[in-house]
Undergrad: 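Questions regarding the structure given below will be posed in turn.
As the structure is a prediction and not an experimental result, all values here were calculated from the model.
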Amino acid sequence: MRTMKAGRRVLANVVKLGLSKVAADVCTFLMFLVLARAYGPGGIGEYSFAMALTGFISLLCNFGFEAYSVREVARRPEFEARCFGTFTLVGAALCPLVWLATYALVAVAGFDRLRSNVVLVIGAYQILYFFSQIVLGRFKARDEMATVGLLEGGLRLLILGGTAGAVVAGASLEAVLLVFPLAVGAYLAVAGLILTRTHRPLEWRVNRPLLKRAWPSVWPLGVAMVLHTGYMKVDILMLGILRSETDVGVYAAAYRPVFGFWSLFAVMSHAAYPVFSRLFLTSHAELRRTFGVLLDYFALVAGLAALAMLCLADQVIPLFYGDRFEEAVPLFRLFSFLLLVTTINVVFDHFMQATNHEQFRMRGILLNIGINVGLNLYLVSRYGPMGALAATLASEIILLALVYTVMARKGLGVSLFHRIARLLLCVGAGYGVWAAGCRIVNTWVAAAVGLLVYTSLYALLRGIRARDLKMLAQWFRRNEG
């Protein structure tokens with residue numbers, strides 16, 4: 001009964017936050033399409049480079065504060081006022097300092113006017129957004145994932161509407177991007193108003209004993225977050241430095257749909273984070289079983305997306321971006337393999353945080369950043385966007401192997417090799433059916449049949465189990481979780 005309840009709570013959180021994340025990501029992707037069609041590969045390249053450059057710098061204003069607070073308050077709710085009060089104040093104090101650091105970086109780098117303005121505007125947006133995650137952590141610690149999802153969806157819808165309106169008005173790229181920090185400011189205000197009305201007041205003072213006690217856990221979380229974000233954006237950074245903004249734009253166009261899926265899995269996995277944290281203290285066996293179930297279903301969805309990318313790349317890229325992005329087609333097809341690996345990695349990432357393995361996570365990511373940077377320096381200058389993809393894929397595979405080995409030695413591993421073999425077998429079978437079907441029917445029909453074959457074979461190989469579907473159905477009927 002306890003296993004059923006924990007599993008139901010995980011699935012409830014995943015479904016709540018996952019469905020809202022789908023809606024939010026649709027808005028974000030539509031915004032990306034608006035920018036790509038309005039400003040072409042060069043414009044979208046400037047935007048993508050700014051997001052990559054400021055992404056890991058901006059995390060300094062949420063240096064593991066949210067992750068630590070959610071974990072500790074999920075375990076001990078009575079700490080909410082003290083813990084979130086302290087880290088909200090610390091994060092707020094860091095925000096202007098981080099933006100000034102971004103300004104100094106722009107000045108030292110000697111960017112042209114367009115790139116400088118774009119970096120500063122996007123930097124302000126990302127700083128405010130990462131700080132807002134500390135504020136929204138109070139909802140996550142209480143498993144109020146529906147509220148988090150609604151707020152995130154509202155933010156993305158506001159950004160989409162503002163961006164589209166500014167583009168129609170004929171604004172420059174820098175002016176259009178001003179919508180981003182303005183929207184996240186409104187998002188913060190609404191979240192604060194809801195918290196004021198529904199949650200007890202925070203202790204608005206910096207609790208120094210709490211900071212001292214939390215620091216050994218916070219700093220590995222923070223460093224790992226910065227390193228992991230930088231690690232995920234090394235390819236864009238290297239392309240922006242070593243190649244043209246057009247190459248960055250082509251690569252970003254192929255990567256953006258993959259990033260949408262990857263961020264969806266990241267948010268859905270994070271929804272299970274409070275439950276994983278509690279299970280780590282109560283039952284390792286139950287934790288492993290729940291983690292394995294979540295991994296199976298994430299792999300199912302990732303495999304569907306990867307197979308669709310392999311089959312429909314020639315149709316999807318022109319449909320999304322127009323004729324100026326033809327070079328993105330082969331990249332988009334190969335990104336399907338990166339999606340499979342990163343999906344597994346992102347689930348392991350939150351699992352490690354929940355089981356107090358922050359320092360190992362940080363060391364593993366640091367090692368792989370070195371590998372990724374070295375490969376990018378060698379491959380990007382020679383092969384451009386294709387070299388950046390190859391370097392990133394190799395680094396993700398190394399990281400997965402390292403993490404799995406260590407977690408298995410600590411008795412927290414799950415059977416991974418047969419899951420990967422099952423996933424690759426099902427994707428291969430679906431692709432083979434599509435390739436054969438293209439000779440008989442059109443590509444879309446053949447792809448639909450291939451996806452059906454993939455799903456059926458995955459179920460036959462016990463990737464989908466009746467008891468897990470029953471667990472989800474019971475939650476819907478009882479409205480628990």
Side-chain angles (χ1 to χ4, degrees), residues 41-42 44-57 59 105 108-112 115 119 223-259 262 306 309-310 313 317 325-346 348-349 361-406 420 424:
I44 207 65
E46 294 288 6
Y47 162 78
S48 300
F49 177 76
M51 290 292 287
L53 181 63
T54 62
F56 63 95
I57 300 174
L59 273 171
L105 177 63
V108 170
F111 295 147
D112 60 36
R115 177 164 287 189
V119 168
V223 172
M225 286 170 62
V226 173
L227 292 177
H228 189 265
T229 302
Y231 165 72
M232 291 299 296
K233 298 178 183 294
V234 163
D235 44 5
I236 295 288
L237 287 173
M238 291 295 105
L239 281 169
I241 294 170
L242 300 176
R243 309 284 288 204
S244 68
E245 66 272 10
T246 300
D247 279 342
V248 178
V250 168
Y251 185 86
Y255 178 58
R256 189 60 190 81
V258 180
F259 179 77
W262 177 83
M309 291 168 61
L310 286 168
I317 292 297
F325 288 86
E326 290 181 356
E327 295 179 24
V329 171
L331 281 169
F332 183 70
R333 186 170 280 119
L334 291 175
F335 263 120
S336 62
F337 297 102
L338 181 64
L339 175 62
L340 297 177
V341 181
T342 54
T343 298
I344 299 173
N345 271 340
V346 76
F348 267 107
D349 185 59
R361 176 172 172 261
M362 180 189 67
R363 290 194 295 267
I365 292 174
L366 184 60
L367 172 64
N368 278 271
I369 273 194
I371 296 171
N372 200 355
V373 170
L375 289 173
N376 268 282
L377 286 172
Y378 177 77
L379 295 173
V380 166
S381 59
R382 291 166 174 78
Y383 305 106
M386 198 66 74
L389 172 57
T392 302
L393 179 59
S395 300
E396 286 288 335
I397 292 172
I398 293 171
L399 180 61
L400 175 60
L402 180 64
V403 168
Y404 175 75
T405 300
V406 172
I420 293 175
L424 294 177

Undergrad: Looking at CD1 of I317 and CD of E327, how far apart are the two atoms once the value is rounded to the nearest 0.5 Å?
TA: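 If we round to the nearest 0.5 Å, I317:CD1 and E327:CD are 12.0 Å apart.
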
Undergrad: Got F332 and F325 here, is their nearest side-chain heavy-atom distance under 4.5 Å?
TA: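 Answer no - side chains too far apart.
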
Undergrad: Using a cut-off of 6.0 Å, state whether more than 12 heavy atoms not belonging to E245 lie near its atom CD.
TA: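 Yes, the 6.0 Å shell around CD holds more than 12 heavy atoms from other groups.
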
Undergrad: Determine the minimum heavy-atom distance between I236 and S48, stating which atoms define it.
TA: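 Heavy-atom minimum between the residues: CG2-O, 3.6 Å.
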
Undergrad: If you round to the nearest 0.5 Å, how far is CG of N376 from CD1 of I369?
TA: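 Here the rounded value is 11.0 Å.
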
Undergrad: Taking C-beta and beyond as the side chain, do Y47 and V248 meet within less than 4.5 Å on heavy atoms?
TA: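 They are not in side-chain contact.
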
Undergrad: Starting at CG of L393, measure out to CG of L340 and round the result to the nearest 0.5 Å.
TA: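 Rounded to the nearest 0.5 Å, the CG-CG separation comes to 9.5 Å.
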
Undergrad: Should I420 and L400 count as side-chain neighbours, where that means a heavy-atom distance under 4.5 Å?
TA: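 Heavy-atom side-chain distance check passes, below 4.5 Å.
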
Undergrad: Without swapping roles, check the side chain of N345 against the backbone of L399 for a donor-acceptor pair under 3.5 Å.
TA: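 Absent.
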
Undergrad: Got a second to check how far I241's CD1 is from S381's OG, nearest 0.5 Å?
TA: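 It is 12.5 Å, given to the nearest 0.5 Å.
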
Undergrad: May I ask you to test the M386-L331 pair for a side-chain heavy-atom distance under 4.5 Å?
TA: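 Yes. Closest side-chain heavy atoms under 4.5 Å.
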
Undergrad: Taking the side chain as every heavy atom from C-beta outward, state whether V234 and T392 have any pair of such atoms under 4.5 Å apart.
TA: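 Sidechains of T392 and V234: no contact.
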
Undergrad: To the nearest 0.5 Å, what is the distance between CG on L375 and CG on L377?
TA: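 Interatomic distance, L375 CG to L377 CG, rounded to 0.5 Å: 9.0 Å.
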
Undergrad: Considering non-hydrogen atoms only, spot the tightest contact between G249 and I44 and give its length.
TA: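 Heavy-atom minimum between the residues: CA-CG2, 3.4 Å.
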
Undergrad: Run Y251 and F335 through ring-ring contact (aromatic ring centres under 6.0 Å, His included) and show every step you take.
TA: CA-CA 10 Å; Y251 185 86; F335 263 120; 5.3 Å; yes

Undergrad: Rounded to the nearest 0.5 Å, what separates atom CG in N372 from atom CG in L367?
TA: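 One gets 11.0 Å once the value is rounded to the nearest 0.5 Å.
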
Undergrad: Considering all heavy atoms of both residues, which atom of V329 and which atom of A313 are nearest to each other, and what is their separation?
TA: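 Shortest heavy-atom separation between V329 and A313 comes out as O-CB, 3.9 Å.
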
Undergrad: What's the shortest heavy-atom distance between R243 and V380, and which atoms?
TA: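 Distance-wise, the nearest heavy atoms are NH1-O, 3.6 Å.
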
Undergrad: Using every non-hydrogen atom in the two residues, find where A388 and D235 come nearest and quote the distance to one decimal.
TA: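 Nearest pair, atom of A388 first, then D235: CB-CB, 3.9 Å.
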
Undergrad: Are the side chains of L105 and L53 in touch, meaning some heavy atoms are under 4.5 Å apart?
TA: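 In short, these two side chains touch, coming nearer than 4.5 Å.
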
Undergrad: Mind listing the closest non-hydrogen atom pair of L379 and A390 along with its distance?
TA: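 Heavy atoms of L379 and A390 come nearest at CD1-CB, 4.2 Å.
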
